[in-house]
Colleague: 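What follows is a single structure, and I will ask about it in a moment.
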Amino acid sequence: MHDASTLAMRPIPAAAGIGLRAPHLQRVLAERPRVPWFEMHSENFFGAGGAIHAALERVRADYPLSLHGVGLSLGSADALDGEHLATLRDLVRRYQPGLVSDHICWGAVGGVHLNDLLPLPFTVEALDLMVSRVQQVQDALGREFLVENVSSYLTFEHADMSEWEFVAELVRRAGCGLLLDVNNVYVNSINHGFDAHAYLRAMPRAAVREIHLAGFTRKEALDVPLLIDSHSRPVDAAVWDLYAEALALLGPLPTLIEWDQDLPELEVLQAEAGRAEALLDARRARAA
Amino acid sequence: MPAAPALRELQRGFADAVLGRGDAGARWVAGAGLAPTARLQVYANAIARTQIDTLRATYPAVLALVGAEFFEAAAARYRLRYPSTRGNLQAFGAAFADFLAALPEAAALAYLPDVARLEWLRQEAALAADAEPIDPAAWLAALDAPTPLQLVLHPSLRLLASAHPLLTIWRYAIAPAGDRLQLDGRGEQVVLWRDGGEVALAATDAASHACIAALASGHDLDAAQAVALAVDADFDLAACLRSLIAQGLVVAFTQTGERPT
């Protein structure tokens, strides 16, 4: 077992990594493919030990690692789950990931967890709560935490600001990093009819640490378009365009290909990462 | 437009709507070309799918024994009866065995709750803390000591005694061999532990099971032996200990009265 004190934090490079899911784990350990970094879901390692930790130690030894949570439920009116936060803190201490993140969402109320990334109302009350929660997490972890914008399939009647104002203000006030999911920006721009370009331009550029890319599906037979952030398909052409625009605004950044449902062979994810890498290269060439 | 709800009120309304407990929360949702309830239904479906899929992954033998249609219906009722209480889905499903035991439609499969119990223990064993087995040389020296020994067993060790041939049923469900499951009606005692990366399952005799259970609950060797001998006068403590040591399941020991090292 690695001693956390001897495990140096490896920064995540401004290159295209892959979300590593259980079905690909053994192949990655056996073949050590050329992938610049991996991201894994924090909650998969919430057990105390076992094969999954042994695997993570080997991944961590060979690749820069990002830990991405889905279960912290930052925006719940309920208090933060102290045990969840303590487990995350121990995990971060043990593996010293280059980045650690969760979502701008809520997932539980009255102690009942819905285990999903649920939309917040863009109100001052929700913003104040998110700011204090992110500060609580950064204090507990003793390091910068990233928050990610989520896809949503509804908005609420009452709002004090736009989604992009909410995200930018949260990051500014909490002093945290931003994980900008470009696919989620596009999905929401269609679902809620806003200008994705204006959203990108409103992001706090200096605080963006990572970009996510994934594929969506289109819900059929509805009166209005509704895109679902399914992580089940290649990145859409419109999202590649928006990604190139984000790189032009923000410069080259660590970029992750996410795929969860109908997971294909690792090569398909590597090809998607290759497309992102080509856009990163083009951006680096322009910067040089 | 109704008055703006407080965040907690809005989240309660949302949760009620997606858990089928009333659509009052829909009045705060902007329809924008769709019925607000239709937008909430997208979330209701996704949440149900995630939680039911979690149960499918944790309880593959129960799924195989009852079939997908029955399992989906039971899981859909379970998640409403025993809502998820953690953001970590590995914690979801702990009461599935108790739920199945109280399910009238499953009453004909008397062994089903024990199969579920076994699968939950399998998950616990897979996720339990790591621990190094004791050094056999130190162990041999300790056996010569005059005072009784207390053992600390591996954190992944789990035990389940069933009135049904549980391990036989579980193995058949996971990988059917032959046309039919042949049951002789005798109960089985199952020991689970992590062996390398995998969870190992083994049936053991009732006396060994009683001995290991006594050791796991903190009884010293003499007391555990007495418990086992009460089950079977021919119980062989040395053989039982050899098995535990061989599987790396003894991780510490103390002379009675000391704290475990």
Side-chain angles (χ1 to χ4, degrees), chain A residues 1 42-55 69-73 75-78 81 83-84 87 102 106-121 123 125-126 128-129 152-160 191-193 219 222-226 228 230, chain B residues 1-16 18-19 26-36 38-44 46-47 49-51 54 79 83-92 123-132 155-156 194 196-199:
Chain A
M1 187 184 298
S42 313
E43 287 82 4
N44 289 346
F45 307 99
F46 270 29
I52 190 78
H53 278 281
V70 296
L72 202 44
S73 190
S76 282
D78 285 2
D81 179 343
E83 192 180 320
H84 193 108
T87 307
D102 204 307
W106 68 283
V109 63
V112 171
H113 281 256
L114 300 170
N115 304 113
D116 201 348
L117 310 174
L118 304 176
L120 284 165
T123 59
E125 183 196 8
D128 288 347
L129 181 79
S152 61
Y153 314 116
L154 60 78
T155 57
F156 296 99
E157 290 279 7
H158 300 278
D160 300 322
N191 289 352
H192 310 311
K219 208 160 164 58
L222 294 177
D223 294 338
V224 295
L226 193 68
I228 305 290
S230 56
Chain B
M1 185 161 67
L7 184 62
R8 178 176 297 282
E9 191 186 359
L10 178 140
Q11 291 178 340
R12 281 198 186 282
F14 190 112
D16 285 346
V18 299
L19 294 173
R27 70 188 185 279
W28 300 314
V29 172
L34 284 179
R39 292 189 178 273
L40 286 163
Q41 194 59 42
V42 174
Y43 285 100
I47 293 163
R49 193 68 261 151
T50 297
Q51 294 182 339
T54 299
R79 57 176 286 274
S84 173
T85 58
R86 304 304 302 273
N88 170 18
L89 276 165
Q90 286 168 343
F92 181 61
Q123 170 155 307
E124 285 190 354
L127 299 174
D130 298 304
E132 289 297 315
S156 72
R194 207 163 58 230
E198 300 292 311
V199 176

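Below, chains carry the letters A, B, ... as their sequence lines are ordered, and counting in each starts from 1. Small disclaimer: the values here were computed from a predicted structure and weren't measured.
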Colleague: How many angstroms lie between CG in Leu222(A) and CZ in Arg39(B), if you round to the nearest 0.5 Å?
Modeller: 8.5 Å

Colleague: Taking the side chain as everything from C-beta on, heavy atoms only, tell me whether Pro5(B) gets closer than 4.5 Å to His158(A).
Modeller: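 Answer yes - side chains close enough.
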
Colleague: Does Phe45(A) form a side-chain contact (heavy atoms from CB on, under 4.5 Å) with Leu127(B)? I'd like the steps, not just the answer.
Modeller: CA-CA 9 Å; Phe45(A) 307 99; Leu127(B) 299 174; over 6 Å; no

Colleague: Atom CH2 in Trp106(A), atom CD in Gln11(B): separation rounded to 0.5 Å?
Modeller: 4.5 Å

Colleague: One pair to check against side-chain contact (heavy atoms from CB on, under 4.5 Å): Ile47(B) and Leu118(A). What are the steps and the verdict?
Modeller: CA-CA 10 Å; Ile47(B) 293 163; Leu118(A) 304 176; 4.1 Å; yes

Colleague: Please look at Ser42(A) and chain B and tell me whether the side chain, the backbone, both or neither of the residue comes under 4.5 angstrom of a heavy atom of that chain.
Modeller: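 It is neither, since no heavy atom gets under 4.5 Å.
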
Colleague: To the nearest 0.5 Å, tell me how far Ser76(A) OG sits from Leu7(B) CG.
Modeller: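 Ser76(A) OG to Leu7(B) CG: 8.0 Å, rounded to 0.5 Å.
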
Colleague: For a 4.5 angstrom cut-off between non-hydrogen side-chain atoms, does Glu43(A) reach Leu89(B)?
Modeller: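 They are not in contact (no side-chain heavy atoms under 4.5 Å apart), so the answer is no.
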
Colleague: Does the side chain of Thr50(B) pick up a donor-acceptor pair with the side chain of Asn115(A) at under 3.5 Å?
Modeller: no

Colleague: Which of the residues Ala128(B), Ala15(B), Ser156(B), Gly197(B) is involved in the greatest number of heavy-atom pairs with chain A at under 4.5 angstrom?
Modeller: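 Most pairs with chain A among the choices: Ala128(B).
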
Colleague: Taking the side chain from His113(A) and the backbone from Gly87(B), do they hold a donor-acceptor pair closer than 3.5 Å?
Modeller: yes

Colleague: Does any heavy atom of chain B fall under 4.5 Å from the side chain of Asp223(A), the backbone, both, or neither of them?
Modeller: both

Colleague: Tell me, for Leu10(B) versus chain A, whether the close heavy atoms (under 4.5 Å) come from the side chain, the backbone, both or neither.
Modeller: side chain

Colleague: What part of Leu19(B) lies closer than 4.5 angstrom to a heavy atom of chain A: side chain, backbone, both or neither?
Modeller: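 Side chain only.
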
Colleague: Measuring from atom CZ of Arg79(B) to atom CG of Leu114(A), what distance do you get when rounded to the nearest 0.5 angstrom?
Modeller: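 These two atoms lie 8.0 Å from each other.
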
Colleague: Against chain A, label Arg8(B) side chain, backbone, both or neither, depending on which of its atoms sit under 4.5 Å from a heavy atom there.
Modeller: both

Colleague: Considering only heavy atoms, which portion of Val199(B) lies under 4.5 Å from any heavy atom of chain A: side chain, backbone, both, or neither?
Modeller: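 Val199(B) has no heavy atom closer than 4.5 Å to chain A.
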
Colleague: Between Tyr153(A) and Tyr43(B), what is the ring plane arrangement, given parallel below 30°, perpendicular above 60°, and tilted in between?
Modeller: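 Tilted.
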
Colleague: Using non-hydrogen atoms and a 4.5 Å limit, figure out which bit of Ala54(A) sits close to chain B: side chain, backbone, both or neither.
Modeller: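 Neither; nothing under 4.5 Å.
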
Colleague: Just wondering, do Val42(B) and Leu226(A) contact through their side chains at under 4.5 Å, heavy atoms?
Modeller: yes

Colleague: Any carboxylate oxygen within less than 4.0 angstrom of a Lys/Arg side-chain nitrogen, looking at Arg86(B) and Glu83(A)?
Modeller: yes

Colleague: How long is the span from the CH2 atom in Trp28(B) to the OG1 atom in Thr155(A), to the nearest 0.5 Å?
Modeller: 15.0 Å

Colleague: Would you say Asp130(B)'s side chain and Gly50(A)'s backbone share a donor-acceptor pair under 3.5 angstrom?
Modeller: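 Yes; at least one donor-acceptor contact below 3.5 Å.
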
Colleague: Give the member of Val224(A), Asp116(A), Leu154(A) that has the highest number of heavy-atom pairs under 4.5 Å with chain B.
Modeller: Leu154(A)

Colleague: Pick whichever of Leu120(A), Thr87(A), Asn44(A), Asp78(A) has the most heavy-atom pairs under 4.5 Å with chain B.
Modeller: Asp78(A)

